[in-house]
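Data block below; observations after.
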Amino acid sequence: MMPDEHRRKFSEGEPGRPLGAYLTGPFAVSGRSVIRWIRNSGASVIFFFLAFLKIFRTKQFSKIVQQVYYIGARSSMIIMLVGLFTGMVLGLQMYSALVNFGAQGYLGTLVALSLIRELGPVLAAIMITARAGSAITAEIGIQRISEQVDALATMRIDPLRYLISPRIAAAIISFPVLTAMFDLVGILGGYISGVLIMGANSGTYLFRVQSSVEMKDITHGFIKAVVFAVVVSTICCFQGYFAHMRTDSHGAKAVGLATTSAVVLSCVFILLSDYIVTSLLI
């Protein structure tokens, strides 16, 4: 098609497609994406509340304990490993910065408050998402596409009560415990790098940790951990439970895409909710 003909066809509009369609096309695509996101967000909130109310039904304790072991206990090693090296890196970086001002005595304060207020809850939540959240999405997604969830409904077993509620309850229990573990091991890592390697005073480090950390700092960290638990468990369970309704794929590929979406969305909403909670608590 010649350039002049192309311009004439665009200005006049193709048969059956008015000129306005060319102008509004990009906005229509973005609008559909925003509407889909809002619809999924509302459905996720309703999904969480329906599952949360079913936590307090009978015969839930054993399932919750099983999920606490899977989400919490089996994630403890990776949490301690990441917490140790995070604290060691903080100790090295902060000691190198503080020694220039002769303020290396405040190393314990900076390491402890950085971990307890921010890095502990956020990094612990991201690591749990990577290890347990992805597995939850994949497990529920496979059960959905293999019609095991439909089989539960056929046997008059509520799928939300049986599959989702124990995982949400276990996440709410496990996240604060793992966050506390991350904080403690991180402070130990800061001690190893700052005191044993760089040569900071041991008594000063421990005194600054003890004197600078207040109960409100610990409480704020636990509040963030609970919020992250709700966010991660809801997103991961929602993506797996409705994997069969994805429009971009079906079958096993839908489970893979649902798992990827769950991890990415969880990490994004962890950081977003961290900012919101911090702005409310500060």
Side-chain angles (χ1 to χ4, degrees), residues 36-37 39-75 78 124-175 178 225-270 273:
R36 187 185 307 113
W37 183 83
R39 184 172 61 248
N40 290 336
S41 299
S44 299
V45 173
I46 296 173
F47 179 81
F48 165 74
F49 279 108
L50 290 177
F52 182 79
L53 293 176
K54 298 178 188 298
I55 293 175
F56 307 100
R57 298 287 182 87
T58 58
K59 300 181 180 179
Q60 289 285 76
F61 182 75
S62 61
K63 301 185 188 69
I64 293 175
V65 171
Q66 182 181 1
Q67 292 301 320
V68 167
Y69 170 76
Y70 180 76
I71 297 174
R74 296 188 63 178
S75 300
I78 187 65
I126 291 176
M127 295 311 302
I128 299 171
T129 301
R131 199 213 71 83
S134 58
I136 289 173
T137 304
E139 181 180 355
I140 296 176
I142 290 173
Q143 291 176 333
R144 169 59 81 178
I145 65 172
S146 61
E147 299 182 353
Q148 296 182 41
V149 176
D150 297 330
L152 289 175
T154 302
M155 294 185 293
R156 299 185 66 182
I157 299 175
D158 189 351
L160 287 179
R161 183 178 66 85
Y162 188 81
L163 296 175
I164 309 302
S165 297
R167 288 172 168 84
I168 292 178
I172 294 174
I173 295 171
S174 301
F175 271 61
L178 293 175
V226 173
V227 172
F228 297 159
V230 172
V231 169
V232 172
S233 60
T234 302
I235 291 176
C236 292
C237 291
F238 182 84
Q239 290 291 327
Y241 194 81
F242 294 103
H244 66 298
M245 296 180 63
R246 296 185 67 93
T247 58
D248 52 356
S249 61
H250 61 278
K253 186 177 181 181
V255 176
L257 293 177
T259 304
T260 302
S261 299
V263 174
V264 173
L265 288 174
S266 295
C267 293
V268 171
F269 276 91
I270 284 170
S273 59

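The figures that follow rest on heavy atoms only: side chains count, while hydrogens, waters and symmetry mates do not.
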Expected list for residues 233-242: side-chain donor-acceptor pairs under 3.5 angstrom, two or more places apart:
| residue | atom | partner | partner atom | Å |
| --- | --- | --- | --- | --- |
| Ser233 | OG | Ala229 | O | 2.6 |
| Ser233 | OG | Val230 | O | 3.3 |
| Thr234 | OG1 | Val230 | O | 2.7 |
| Gln239 | OE1 | Arg246 | NH1 | 3.4 |

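- For Phe56, the ring pair (Phe, Tyr, Trp, His ring centres under 6.0 Å) criterion is met by Phe52, not counting sequence neighbours.
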Under 3.5 Å, side-chain donor or acceptor atoms of residues 145-155 against the rest of the protein: list the pairs with distances, not counting sequence neighbours.
| residue | atom | partner | partner atom | Å |
| --- | --- | --- | --- | --- |
| Ser146 | OG | Ile142 | O | 2.6 |
| Ser146 | OG | Gln143 | O | 3.4 |
| Ser146 | OG | Gln148 | NE2 | 3.1 |
| Asp150 | OD1 | Arg144 | NH1 | 3.3 |
| Thr154 | OG1 | Asp150 | O | 2.8 |

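- Of all heavy-atom pairs between Gly72 and Leu178, the closest is O-CD2, 3.6 Å.
- In terms of the salt bridge (charged side-chain N to carboxylate O under 4.0 Å, His left out) criterion, Lys63 has no residue partners (sequence neighbours excluded).
- Identified under the salt bridge (Lys or Arg N to Asp or Glu O under 4.0 Å) test for residues 51-62, with sequence neighbours left out: Lys54-Asp158.
- Among residues two or more places apart in sequence or in another chain, the side-chain contact (heavy atoms from CB on, under 4.5 Å) test is passed with Leu50 by Ile46, Leu160.
- Across Phe269 and Val231, no two heavy atoms sit closer than the pair CB-CG1, 3.6 Å.
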Mind listing the side-chain donor-acceptor pairs of residues 127-136 below 3.5 Å, one per line with the distance, residues two or more places apart or on another chain?
| residue | atom | partner | partner atom | Å |
| --- | --- | --- | --- | --- |
| Thr129 | OG1 | Ala125 | O | 2.8 |
| Arg131 | NE | Ser75 | OG | 2.7 |
| Arg131 | NH2 | Tyr70 | O | 2.6 |
| Ser134 | OG | Ala130 | O | 2.9 |

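- Every residue meeting the side-chain contact (heavy atoms from CB on, under 4.5 Å) condition with Ile64, not counting sequence neighbours, appears here in chain and number order: Ile55, Gln60, Val68, Pro166, Ala169, Ile173.
- For Gln67, there are no side chain to side chain donor-acceptor pair (under 3.5 Å) partners at least two apart in sequence or on another chain.
- Residues passing the side-chain contact (heavy atoms from CB on, under 4.5 Å) test with Asn40 are Arg36, sequence neighbours excluded.
- Of the inter-residue distances, the one linking Ile168 atom CD1 with Ile71 atom CD1 reads 9.5 Å to the nearest 0.5 angstrom.
- The side-chain contact (heavy atoms from CB on, under 4.5 Å) check on Phe49 picks up Val45, with sequence neighbours excluded.
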Listed pairs under 3.5 Å, donor-acceptor, residues 258-266 side chains, sequence neighbours left out:
| residue | atom | partner | partner atom | Å |
| --- | --- | --- | --- | --- |
| Thr259 | OG1 | Val255 | O | 2.8 |
| Thr260 | OG1 | Gly256 | O | 3.1 |
| Ser261 | OG | Leu257 | O | 2.9 |
| Ser266 | OG | Ala262 | O | 2.6 |

